[in-house]
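These notes are about the structure you will find just below.
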Protein chains: 2
Amino acid sequence: MTARTSTDAGRDIPEATVARLPVYLRALTGLAEARTATCSSEELAAAAGVNSAMLRKDLSYLGSYGTRGVGYDVEYLRYQIAREIGVTQDWPVVIVGIGNLGHALANYSGFRSRGFRVVALLDADPSRHGEVVAGIDVQPFDDLEEIVAEHGVAIGVIATPAVAAQDVADRMVAAGVSSILNFAPTVLSVPEGVDVRKVDLSIELQILAYHVQRKNGIVEAEEEPA
Amino acid sequence: MTARTSTDAGRDIPEATVARLPVYLRALTGLAEARTATCSSEELAAAAGVNSAMLRKDLSYLGSYGTRGVGYDVEYLRYQIAREIGVTQDWPVVIVGIGNLGHALANYSGFRSRGFRVVALLDADPSRHGEVVAGIDVQPFDDLEEIVAEHGVAIGVIATPAVAAQDVADRMVAAGVSSILNFAPTVLSVPEGVDVRKVDLSIELQILAYHVQRKNGIVEAEEEPA
DNA sequence: TAGATTGTTAATCGATTAACAATC
DNA sequence: TAGATTGTTAATCGATTAACAATC
């Protein structure tokens with residue numbers, strides 16, 4: 001209902017929508033690679049694994065990038081979403097904790113290709129310093145502040161054991177990192193304004209286990225013979 | 001309002017609650033290790049990083065395991081949640097795709113300690129067969145059906161490149177796997193009744209990037225000089 | 001103009017939170 | 001009995017979905 005100027009780009013996107021934008025971006029990249037010029041909300045929604053009404057609602061928060069009766073221009077929409085997320089620019093990232101998972105993250109090609117550049121790998125263990133992982137020297141954790149300042153790092157990844165994670169987070173925040181991706185199985189407390197997302201592998205498995213148990217367990221639990 | 005017998009354990013737990021139960025379980029394990037016998041919903045909620053009203057509501061779906069005026073018995077509640085999730089038993093798990101991430105997952109100690117047992121590591125690449133990772137031989141992907149049948153595997157982990165993931169999922173489902181944890185950056189389609197959870201590292205970073213941009217971008221976007 | 005498909009409204013659904021009666 | 005804290009109700013909030021007017 002409210003008139004929108006071209007500079008007022010419809011702020012305040014719901015969290016649930018923000019979390020799906022990267023999924024749409026990936027689907028659009030797939031369509032672009034398949035040389036698809038145009039797609040309907042129905043097609044894009046299918047590729048992204050969501051309901052088309054939800055897709056249209058989500059996109060409506062960004063602006064009006066489709067054409068009624070026609071659909072969306074794949075390349076144009078792809079760019080608009082990338083711009084909205086912020087992945088048209090390059091984000092310097094620091095990874096702390098170069099164990100098995102840190103190794104895997106450092107080598108993960110999906111970061112590079114989506115606008116993230118790993119500028120440093122840090123580890124508190126001196127025996128790891130100097131090791132080269134994914135073409136990058138592992139450096140002492142104490143270099144954190146210097147590296148964050150030098151590269152303007154806003155995003156830090158924690159792949160340390162749980163006991164170290166809060167300390168690492170505190171140091172990151174003090175150094176100026178405002179967003180943290182936490183792989184350590186622990187709850188981090190951070191000041192207002194700092195964003196933490198957590199990826200917890202064993203929690204994901206536990207959620208699955210619950211559902212397996214439900215599916216099988218009904219028989220067992222109710223002891224209802226046929 | 002409805003009377004509950006001891007065998008009717010209050011089914012139908014909301015998804016959001018299910019996803020938090022493992023977090024509570026971990027917090028309780030932490031309290032138990034610290035020799036805390038009893039805790040209030042306030043304390044447990046703080047340890048889990050949630051609101052205490054939400055914690056109590058969540059726990060109320062499991063049953064009535066606290067004591068008014070007193071709180072919860074840590075060990076007792078820990079066991080009840082573990083039982084509800086299903087991690088009092090052992091879950092055999094298969095990991096497919098033994099690249100960097102597969103290595104990290106195979107070595108992840110958090111699985112073992114939480115009731116998950118990696119029974120096989122599979123990879124389609126013959127050059128990887130016979131390699132020993134985390135004490136387990138890497139086997140051909142074609143052994144999948146045999147392994148699933150032999151160990152009664154219900155949970156499969158996909159850590160392959162995106163292009164292979166759908167095929168792997170199809171084979172897993174056909175072999176009898178009913179729950180899949182997918183690390184490949186692609187949308188899987190599976191039949192009704194099969195559960196898929198996805199962990200997408202680059203999507204997590206993109207969500208963070210969006211928020212960083214919002215925090216910084218407001219200045220830049222609105223061009224509002226002080 | 002007729003057919004297609006968006007963008008938006010309104011309805012529904014589910015999740016969170018505050019408040020408090022029940023009760024230890 | 002008085003204080004503490006649960007378990008539950010009811011209010012609020014946010015997310016999803018169906019439906020359709022707008023419009024290409």
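Just so it is clear: chains get the letters A, B, ... in the order the sequence lines come, proteins before strands, and each one is counted from 1.
- A donor-acceptor pair under 3.5 Å is absent between the side-chain atoms of A:Arg78 and the main chain of A:Val74, judged by distance alone.
- In this structure, the CD atom of A:Glu43 is 14 Å from the P atom of C:dA4, given to the nearest Å.
- Rounding to whole angstrom units, CG of residue A:Leu59 and C1' of D:dT16 are separated by 15 Å.
- What separates CG of A:Leu62 from C1' of C:dT6 is a distance of 14 Å, to the nearest Å.
- For A:Met54 and C:dT9, the CE to C1' distance is 18 Å, given to the nearest whole Å.
- Judged by distance alone, the side chain of B:Gln166 and the main-chain N or O of B:Ser189 form a donor-acceptor pair under 3.5 Å.
- Closest non-hydrogen pair, B:Leu31 versus B:Cys39, comes out as CD1-SG, 3.9 Å.
- With hydrogens and angles disregarded, a donor-acceptor distance shorter than 3.5 Å links the side chain of B:Glu43 to the backbone of B:Ser40.
- Using a 4.0 Å cut-off, no side-chain N or O of B:Tyr72 falls inside it from OP1 or OP2 of C:dC24.
- Within the structure, every side-chain polar atom (N or O) of B:Thr67 is placed at least 4.0 Å from both OP1 and OP2 of C:dC24.
- With hydrogens and angles ignored, the 3.5 Å screen pairs no side-chain donor or acceptor of A:Gln213 with any backbone N or O of A:Ala209.
- Pair check for D:dT5 finds C:dA22; Watson-Crick or G-U wobble, both atom distances under 3.5 Å.
- Following rounding to the nearest Å, A:Leu55 (CG) and D:dT17 (P) show an atom-to-atom distance of 12 Å.
- For A:Tyr65 and C:dT8, the OH to C1' distance is 17 Å, given to the nearest whole Å.
- Side-chain nitrogen and oxygen atoms of B:Arg56 include none within less than 4.0 Å of the OP1 or OP2 phosphate oxygen of C:dA19.
- The base of D:dT23 is not paired with the side chain of A:Arg68 by any donor and acceptor separated by under 3.5 Å.
- Comparing A:Val70 and A:Thr17 along DNA chain D, the residue whose closest nucleotide (by nearest heavy atom) sits nearer the 5' end is A:Thr17.
- Summarising the geometry, the separation between CG on A:Leu77 and C1' on C:dT5 is reported as 14 Å, rounded to the nearest angstrom.
- Taking only side-chain nitrogens and oxygens, A:Ser64 comes nearer than 4.0 Å to OP1 or OP2 of C:dG7.
- When heavy atoms are screened at a 4.0 angstrom cut-off, A:Glu42 is found touching no nucleic acid atom at all.
- Base pairing of D:dA15: its partner is C:dT12, meeting the Watson-Crick or G-U wobble criterion (both donor-acceptor distances under 3.5 Å).
- Following rounding to the nearest Å, B:Lys57 (NZ) and C:dT17 (C1') show an atom-to-atom distance of 11 Å.
- Residue B:Tyr61 places none of its side-chain N or O atoms closer than 4.0 Å to OP1 or OP2 of C:dG14.
- Among the protein residues, A:Ala53 comes within range of the nucleic acid bases, having at least one heavy atom under 4.0 Å from a base atom.
- Distances shown here put every side-chain N or O of A:Asn51 at or beyond 4.0 Å from the OP1 or OP2 atom of D:dA15.
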